[in-house]
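To start, the structure itself, in structure tokens.
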There are 2 protein chains.
Amino acid sequence: MLLSKSCVYGLRAALFLANQEEGKFVPIRHMSDKLEISFHFLTKILQQLTAEGILESFKGPNGGVRLVKKGNEIPLIEIVMAIDGPQLLTECALGLPGCGVQNPCPLHDKWAETRDSIRDMLENSTLTELVHKGKQENLRLTSESGFDILFND
Amino acid sequence: MLLSKSCVYGLRAALFLANQEEGKFVPIRHMSDKLEISFHFLTKILQQLTAEGILESFKGPNGGVRLVKKGNEIPLIEIVMAIDGPQLLTECALGLPGCGVQNPCPLHDKWAETRDSIRDMLENSTLTELVHKGKQENLRLTSESGFDILFND
DNA sequence: ATATTTTAAGACAAAAGAGTCTCAAAAACC
DNA sequence: GGTTTTTGAGACTCTTTTGTCTTAAAATAT
């Protein structure tokens, strides 16, 4: 698996937030319902994103979480780094510690190329970009429903 | 993590075998010592490769395992598919079941591209190719030693 | 103040991945 | 036949990931 489940849930939630009215706090319970993710689990994941400064949270009635920056300023890589850490883009494909240009494994060069294309994808896709694409084509954010679920309450 | 640890160990062992005299059975104990992988764990992994028809095994003195095909006929993807299965190259990046051209998630197109570049790398690198590269430049197959460990007994 | 709504924190449980161990089965050698 | 060397199969343990639950703390409203 490329991304952990936590990371995937974090990405889905971030896309959800990027589709909301800017600056509005959205309750995690609402997101967990819409995105079909366990409330407590999602809470834990979003706490990480809050700790990393990607989200802001507010307690109490009308509280919730929201993006600190605008969605078009947040590439996917930020979410991935915050949750899964840099391993995906730094680790040796053969698992050898300290593999790098100086002391490579036989796969190093080829893997470095592939890794760069993963990095590029994650750096060059912003939340807003994917939300627009998703809305235009009514693509899916859950196993069943498309982006429209984010509106019909 | 892109590949599971089992898969990485399987790849290292396959490279080791591709560097041995063709047709010779190599005891797993010998490989586990050289590659610094737990004997029992490596045994279990290589049993999978045997079950998948990538290795042949032979019991008793002078027994061991060997590659069924020549190393230059075995791309890395064969080992990866045998151990980790096709998930890496089929699964949706957002974890949505049934994501595909018909019913894509917002990341589908970009991820499909990236995934293709991973597939290409794994399809276009053969064991022999990496062994040659490794021998020429004395690259590493373990955390400490280079390819020369495969010779010095 | 008290009750309600929300996130925060952390204990706990279940499942999957990684790794160890034991015993059986096959082959070779004596 | 018995001993040794090897893989095969499976039970078992440890660790990490995933997921659940409980309680606390902050904010709001009445």
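Values below: all heavy atoms of this structure, side chains included; hydrogens, waters and symmetry mates excluded. Letters go in sequence order (proteins before strands), and every chain restarts at 1.
Among the heavy atoms of the strands lying under 4.0 Å from B:Phe58 are primed sugar atoms or P, OP1, OP2 only; no base atom is included. Residue contacts shown for A:Ile28 are limited to sugar-phosphate atoms, with no base heavy atom under 4.0 Å away.
In terms of phosphate contacts, A:Tyr9 brings no side-chain nitrogen or oxygen within less than 4.0 Å of OP1 or OP2 of D:dT18. For the pair B:Ser57 and D:dT6, the criterion of a side-chain N or O lying under 4.0 Å from OP1 or OP2 is not met. A close approach under 4.0 Å does occur between a side-chain nitrogen or oxygen of A:Ser38 and OP1 or OP2 of D:dT20.
Which of D:dT18, D:dA26, D:dT6 sits closest to the side chain of A:Lys59 comes down to D:dA26. You'll find that the side chain of B:Lys44 is closest to C:dT20, out of C:dT20, C:dA27, C:dA18. Out of D:dT22, C:dG19, D:dT6, the shortest distance to the side chain of A:His40 is found at D:dT22. The side chain of B:Gln47 lies closest to D:dA9 when the candidates are D:dA9, D:dT28, D:dT6.
Considering A:Leu122, A:Ile54, A:Asp84, A:Leu3 as possible partners of A:Ile79, the one that fulfils the side-chain contact (heavy atoms from CB on, under 4.5 Å) test is A:Ile54.
Across the interface with DNA chain C, nearest-nucleotide mapping of A:Thr43 and B:Asn62 shows A:Thr43 to be the residue nearer the 5′ end.
Every side chain to side chain contact (heavy atoms under 4.5 Å, CB included) that B:Glu91 has, sequence neighbours left out, goes to A:Met1, B:Gln87.
A:Glu137 and A:Lys133 are joined by a salt bridge, as a carboxylate oxygen and a charged side-chain nitrogen come within less than 4.0 angstrom of each other.
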